[in-house]
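Numbers for residues simply follow the sequence, beginning at 1.
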Amino acid sequence: MMIAYAQRVERLRGPRAGQDRFFRLCAQYVSQNIFTTIRAEQMTRELGYTRAYLCTRFKQETGISLTRYVQQEKVAEAKRLLRFTDQELGDIAALLDFSSQSHFQTVFKQVTGETPMAYRRSSQV
């Protein structure tokens, strides 16, 4: 857990070209809500932006969509859970609020190029 926390802090603090307060606010929101369904509409209410502005500016600053960023962050958390716990895939999928284990596996493979079980086996070597 300490490693996960340190990695998140580093991501939020680390200087990156083109990433300003706006990105940090978005990243912090995603990090704080990683175990819930993250919707742009809710983010706009919390952060005070319109949906169009939020999604457009996020894409301009990061080069990826907000949805893709959320998926990548959820998969990063899933990787930590796969590596450091013995939780079942279905439990991890539910914890990270994926609609199903199948959807979790599909997104995980899209982001990492391997299945969650393959990742778990390779990370435990």
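Here CZ of F104 is found 12.0 Å from OG of S99. Values are rounded to the nearest 0.5 Å. Considering CD of Q60 and SG of C55, their distance stands at 11.5 Å, rounded to 0.5 Å. Note that CG of L89 is 11.5 Å distant from CZ of F98, once rounded to the nearest 0.5 Å. R24 CZ to S31 OG: the interatomic distance, rounded to the nearest 0.5 Å, is 14.0 Å. Distance check, rounded to the nearest 0.5 Å: CG of L95 to CD of E88 gives 13.5 Å.
Residues I38 and E73 have side chains not in contact (no heavy-atom distance under 4.5 Å, counting atoms from C-beta outward). A heavy-atom distance below 4.5 Å is not found between the side chains of T44 and T50. Using a 4.5 Å heavy-atom cutoff, the side chains of F58 and Y49 are not in contact. For the pair D20 and E61, the minimum side-chain heavy-atom distance is below 4.5 Å. With contacts defined as side-chain heavy-atom distances shorter than 4.5 Å, the pair I92/R120 qualifies. Side chains of Y119 and T115 form no contact here, defined as non-hydrogen atoms less than 4.5 Å apart. Between T56 and L54 the shortest side-chain heavy-atom distance does not fall below 4.5 Å. The closest side-chain heavy-atom distance from L96 to F35 is below 4.5 Å.
Between K74 and I34, the closest heavy-atom pair is NZ-O, 2.8 Å.
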| Steps toward side chain to side chain contact (heavy atoms under 4.5 Å, CB included) verdict (V111, R68) | CA-CA 9 Å; V111 171; R68 186 66 173 175; 4.0 Å; yes

| task | Go through the steps to decide whether C26 and L47 satisfy the test side chain to side chain contact (heavy atoms under 4.5 Å, CB included), and finish with yes or no. | result | CA-CA 8 Å; C26 292; L47 301 179; 4.1 Å; yes

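Under a 3.5 Å cut-off, the side chain of D91 and the backbone N or O of Q87 do not form any donor-acceptor pair.
For T112, the side-chain contact (heavy atoms from CB on, under 4.5 Å) partners at least two apart in sequence or on another chain are V75, K79, F108, E114.
Using a cutoff of 4.0 Å between basic side-chain nitrogens and carboxylate oxygens, R80 and E77 are scored as salt-bridged.
Applying the salt bridge (Lys or Arg N to Asp or Glu O under 4.0 Å) test to residues at least two apart or on different chains, the pairs with a partner in residues 26-48 are E41-R51.
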